[in-house]
2 protein chains.
Amino acid sequence: MSLKHAILGFLNMRPFSGYELYKLFNGSVNNYWSATHTQIYKALSELARVKMVEIELVHQETNPDKKVYHLKQSGKAELQNWLETPLDLAPVRDKFLVQFSFSDSLDDKDIICNIESYIEKINEKMDVIKAGHYSEYLKYAHSNREKFLWEKTLEHGIRSYENELHWLRDCLSELKQLSAGTEES
Amino acid sequence: MSLKHAILGFLNMRPFSGYELYKLFNGSVNNYWSATHTQIYKALSELARVKMVEIELVHQETNPDKKVYHLKQSGKAELQNWLETPLDLAPVRDKFLVQFSFSDSLDDKDIICNIESYIEKINEKMDVIKAGHYSEYLKYAHSNREKFLWEKTLEHGIRSYENELHWLRDCLSELKQLSAGTEES
DNA sequence: TCATACATGTAAGTTGTTACATGATTGC
DNA sequence: GCAATCATGTAACAACTTACATGTATGA
């Protein structure tokens with residue numbers, strides 16, 4: 001399970017509480033892995049059960065108490081082992097493309113509307129990424145190489161969304177050409 | 001569930017058996033949606049249960065008997081309704097990037113090995129796509145616009161993989177530079 | 001003879017989503 | 001007063017994976 005390995009990866013940097021991890025997976029990391037709090041708390045209990053992490057109970061005055069998770073030897077070993085394993089290509093599941101490819105039963109205007117709505121959503125996402133909240137953590141890198149890896153990961157997100165936008169805009173303009181050509185006025 | 005909508009989309013073209021759909025989702029369509037036979041047979045039973053599709057039992061002499069699924073009115077309506085609904089961005093879950101971003105605890109040679117292995121797998125996938133098996137079905141399009149949508153969907157896959165390859169190759173060459181610069185000989 | 005294609009399924013497990021549940025503090 | 005942040009969880013469900021299960025026909 002990659003969520004568990006992602007958690008081990010973060011705990012390898014420093015201890016985190018479940019809530020902090022939840023904010024990571026819904027903030028700066030969510031352009032390559034996302035998870036709900038439900039999933040994270042469950043994964044953490046499981047990691048504690050198999051003794052890959054240790055729980056430190058931290059009492060807080062103003063805020064609710066929290067559980068801070070520390071990586072243990074066996075967790076570090078599991079992480080290291082996973083990092084050394086070449087991964088297979090993930091199966092692709094792109095709802096948008098399923099919809100797009102069956103859209104011949106829609107009017108031009110409805111296809112265009114779906115595409116434009118999707119472009120809009122990607123633009124919003126890009127704005128968030130480019131606002132820089134995703135790159136603030138770069139300063140916590142322990143080495144030049146680590147910083148390089150993090151920068152590249154960020155760049156991957158930007159490049160993928162830009163690639164997607166190019167394709168979407170091409171689709172739009174070609175569709176408009178097509179429909180102008182077929183039109184009977 | 002998108003698998004059900006994808007199935008409805010195919011049955012809207014012509015009737016299919018479960019096995020034929022399984023071959024689609026593991027062949028020409030698997031660059032935008034993939035599914036196992038287990039999932040497909042279950043989804044089909046469910047669609048039959050709610051009467052969106054109808055089962056025709058077809059006896060065959062040499063091959064095992066098969067069930068051919070036909071789209072019914074309510075299935076067509078459900079499909080149409082879904083096609084008109086703008087979709088949200090799917091949450092991203094990219095194992096490779098999780099691994100990549102935590103790889104500072106590996107040697108250069110191991111990071112490079114992971115990247116090269118991934119490049120290799122994408123190249124193999126690209127070879128399959130470019131061999132043309134994915135584009136044979138284009139001739140079954142009912143209209144120019146449908147053909148356009150299918151071609152664009154195919155192109156999306158190719159463009160995404162090419163984009164991925166560019167990023168991976170950039171990572172490789174920059175990593176090699178970095179390690180040459182830090183090297184003590 | 002051995003693998004592959006045809007054809008359909010069950011069972012058990014993992015992963016991910018959505019809704020429900022609680023309760024203090026801080027800022028508008 | 002109301003929403004948001006902090007902080008952790010349970011329960012039910014939906015989606016996906018992997019292994020098991022069966023049996024014929026065809027071609028290398």
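Proteins come first, then strands; the chains are lettered A, B, ... in the order of their sequence lines, and each starts at number 1.
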Looking only at the side chain of [X] (C-beta and beyond, no hydrogens), which of the listed nucleotides [options] gets closest?
X        : options                  : value
Thr36(A) : dT17(C), dT17(D), dC6(D) : dT17(C)
Lys66(A) : dT8(D), dG16(C), dT8(C)  : dT8(D)
Pro64(B) : dT8(C), dC6(D), dC6(C)   : dC6(C)

Identify whether the distance between the nearest side-chain nitrogen and carboxylate oxygen of Glu46(A) and Arg49(A) falls below 4.0 Å.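 Between Arg49(A) and Glu46(A) there is a salt bridge, with a charged N closer than 4.0 Å to a carboxylate O.
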
Should Lys152(B) and Glu155(B) count as an ion pair when the cut-off is N to O under 4.0 Å?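 Salt bridge: yes.
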
Quick one: on DNA chain C, does Val68(B) or Lys42(A) contact a more 5' nucleotide (nearest heavy atom)?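 Final value for this comparison: Val68(B).
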
Between Asn63(A) and Thr38(A), whichever has its closest DNA chain C nucleotide further toward 5' is Thr38(A)

Run the ring-centre check on Tyr22(B) versus Tyr19(B) and record whether the distance is less than 6.0 Å.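 Distance test on ring centres: under 6.0 Å, yes.
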
Closer than 4.0 Å, any side-chain N/O of [X] to the OP1 or OP2 of [N]?
X        : N       : value
Lys23(A) : dC6(D)  : yes
Gln60(A) : dC6(D)  : no
Gln39(A) : dT17(C) : yes
Tyr41(B) : dG9(C)  : no
Arg93(B) : dT17(C) : yes
Tyr19(B) : dC6(C)  : yes

Could you tell me whether Arg159(A) sits above the aromatic face of Tyr161(A), with NZ or CZ closer than 6.0 angstrom to the six-membered ring centre and within 45 degrees of the axis?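 Ring-cation test returns no.
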
Distance, rounded to the nearest Å, where His59(B) contributes NE2 and dA25(D) contributes P: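 The answer, rounded to whole Å, is 11 Å.
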
